2 protein chains.
Amino acid sequence: MVPSDDKRFREKISAIQDTMFVIGGKWKIPVILSIYSGNKRFNDILTSIPKITNRVLSKELKHLEENLLISRTIVSDYPVKIEYAITPYCLSIDKIAKPMEEWGKSHKKEIIKRQINNQKT
Amino acid sequence: MVPSDDKRFREKISAIQDTMFVIGGKWKIPVILSIYSGNKRFNDILTSIPKITNRVLSKELKHLEENLLISRTIVSDYPVKIEYAITPYCLSIDKIAKPMEEWGKSHKKEIIKRQINNQKT
DNA sequence: CGGGATCCACAATGATACTG
DNA sequence: CAGTATCATTGTGGATCCCG
């Protein structure tokens, strides 16, 4: 590796790893999209996302709140009623969600194409 | 959630999760960038990425090869000499790496800003 | 209803050694 | 050189129960 590239290289990696930390993992984006698509209550979000468990959802919501992507509001004390909402800031992840969605789709095609070619040989 | 949104919603989630699967995790992007920046040999890549171990690197390289992002070429049999290279197809991830890098940078600023505000109160 | 606490299985990782 | 094998340790996720 060229030494002069080193600093920029590491900064780049670091920035991308930061992003991965915030929205990476299996559930972050699904949770955000669930709330974005209208779900506000814990159990609604829970049931809207296949296979997620309440403990994991709880952790993810906390993580997202700490990273300013969603807000948590106590609507009523008794019975306890909480509402989650995405923050205006959260909309900025659209800039990465869109490319990721498109790339994911085209990549799937690419992999399928490869499999067909392998079968031929 | 509105039922009519359901199908598109799940497709969107699925595509993004596919992307996360391919380039997600701690090391995928660093490995790609390392090769991109000129490292071709296993041990070069290994030492260029802080904290990665040879076992993890080995797994990541296999994963990336399976997903067509890098190529693995046996240059000489004895002594064994392998060369890794990024594929032309791999360049397509630039479309997501760039946005992720930019978002990561601006997000760090956002978090720092939040911390300063919290200290005031 | 919105989670937290606990227990447990299994996956991931580090360290070290070893091989073709 | 380019990895694998093995073992100990840690982390993470699911299942279940519980509480305000």
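What you see is a predicted model; the values in this text were computed from it and never measured. Chain naming here is simple, since letters A, B, ... match the order of the sequence lines and numbering starts at 1 in each.
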If you restrict it to nitrogen or oxygen atoms, what contacts under 3.5 Å exist between nucleotides 7-10 of chain C and the protein, and what is each distance?
none

- Message: Strictly distance-based, threshold 3.5 Å: is any side-chain N or O of B:Thr47 a donor or acceptor partner for the main-chain N or O of B:Asn43?
- Response: yes

- Quick one: is D:dA2 close enough that its OP1 or OP2 comes under 4.0 Å of any side-chain N or O from B:Arg72? no

- Are the side chains of A:Leu69 and A:Ile86 in touch, meaning some heavy atoms are under 4.5 Å apart? no

- Task: May I have the distance from A:Ile74 (atom CD1) to C:dG2 (atom P), rounded to whole angstrom?
- Result: 12 Å

- Short side-chain N/O contact to C:dG14 OP1/OP2 from B:Thr53, under 4.0 Å: yes

- Item | Test item: A:Ser34 side-chain N/O and A:Ser48 main-chain N/O as donor-acceptor pair under 3.5 Å | no

- Message: Strictly by salt bridge (Lys or Arg N to Asp or Glu O under 4.0 Å), give each pair with a member in residues 14-30 of chain B just once, sequence neighbours left out.
- Response: A:Lys108-B:Asp18, B:Lys28-B:Glu60

Protein-nucleotides 17-20 of chain C N/O pairs under 3.5 Å:
none

- Assert: residue with more 5' nearest nucleotide on DNA chain C, out of A:Pro79 and B:Trp27, is A:Pro79

- Message: Between A:Arg72 (side chain only) and A:Lys62 (backbone N and O only), is there a donor and an acceptor less than 3.5 Å apart?
- Response: no

- Whole Å only: how far is the CG atom of A:Asp77 from the C1' atom of C:dG2? 13 Å

- Note on the structure: Rounding to the nearest 10°, end axes of the helix from C:dC1-D:dG20 to C:dG20-D:dC1 built from five pairs each make an angle of 50°

- Message: Is B:Lys62 close enough to D:dT4 that one of its side-chain N or O atoms is under 4.0 Å from OP1 or OP2 there?
- Response: yes

- Query: Just how far, in rounded Å, is C1' of D:dG14 from CG of A:Leu57?
  - Reply: 14 Å

- Message: Under 4.0 Å from OP1 or OP2 of C:dC1: is there any side-chain N or O of A:Tyr84 that close?
- Response: no

- Using atom CD1 of A:Ile45 as one end and atom C1' of C:dG3 as the other, report the distance to the nearest whole Å. 12 Å

- Nearest-Å distance for atom pair CD1/P, residues B:Ile70 and D:dA2: 13 Å

- For atom NZ of B:Lys51 and atom P of C:dG14, their distance in whole Å: 9 Å

- Does a side-chain N-to-carboxylate-O contact under 4.0 Å join A:Arg114 and A:Glu110? no

- Item | B:Asn43 CG to D:dC1 P, straight-line distance once rounded to whole Å | 6 Å

- Task: Would you mind reporting whether A:Phe42 and A:Ile82 have side-chain heavy atoms less than 4.5 Å apart?
- Result: no

- Query: Atom OH of A:Tyr78 to atom P of C:dG2: distance rounded to whole Å?
  - Reply: 14 Å

- Return the nearest nucleotide to the side chain of B:Phe42; candidates are C:dG3, C:dT13, D:dG3. D:dG3

- Please answer whether the main-chain N or O of B:Glu83 pairs with a side-chain N or O of B:Arg41 as donor and acceptor at a distance below 3.5 Å. no

- Message: If you assign each of B:Lys59 and A:Lys59 to its closest nucleotide in DNA chain C, which residue comes earlier from the 5' end?
- Response: A:Lys59

- Query: For B:Lys12, what residues pass the side-chain hydrogen bond (donor to acceptor under 3.5 Å, both in side chains) criterion, not counting sequence neighbours?
  - Reply: none

- Do A:Glu11 and B:Glu101 touch side chain to side chain, with heavy atoms closer than 4.5 Å? no

- Query: Pairs in or reaching into residues 60-104 of chain B: which pass ring-ring contact (aromatic ring centres under 6.0 Å, His included), with residues at least two apart or in two chains?
  - Reply: A:His107-B:Tyr89, B:Phe21-B:His63, B:Trp103-B:His107

- Check whether any side-chain heavy atom of A:Leu61 lies under 4.5 Å from a side-chain heavy atom of A:Ile35, and answer yes or no. yes

- Can you tell me if the side-chain N/O atoms of B:Ser58 get under 4.0 Å from OP1 or OP2 in D:dG3? no

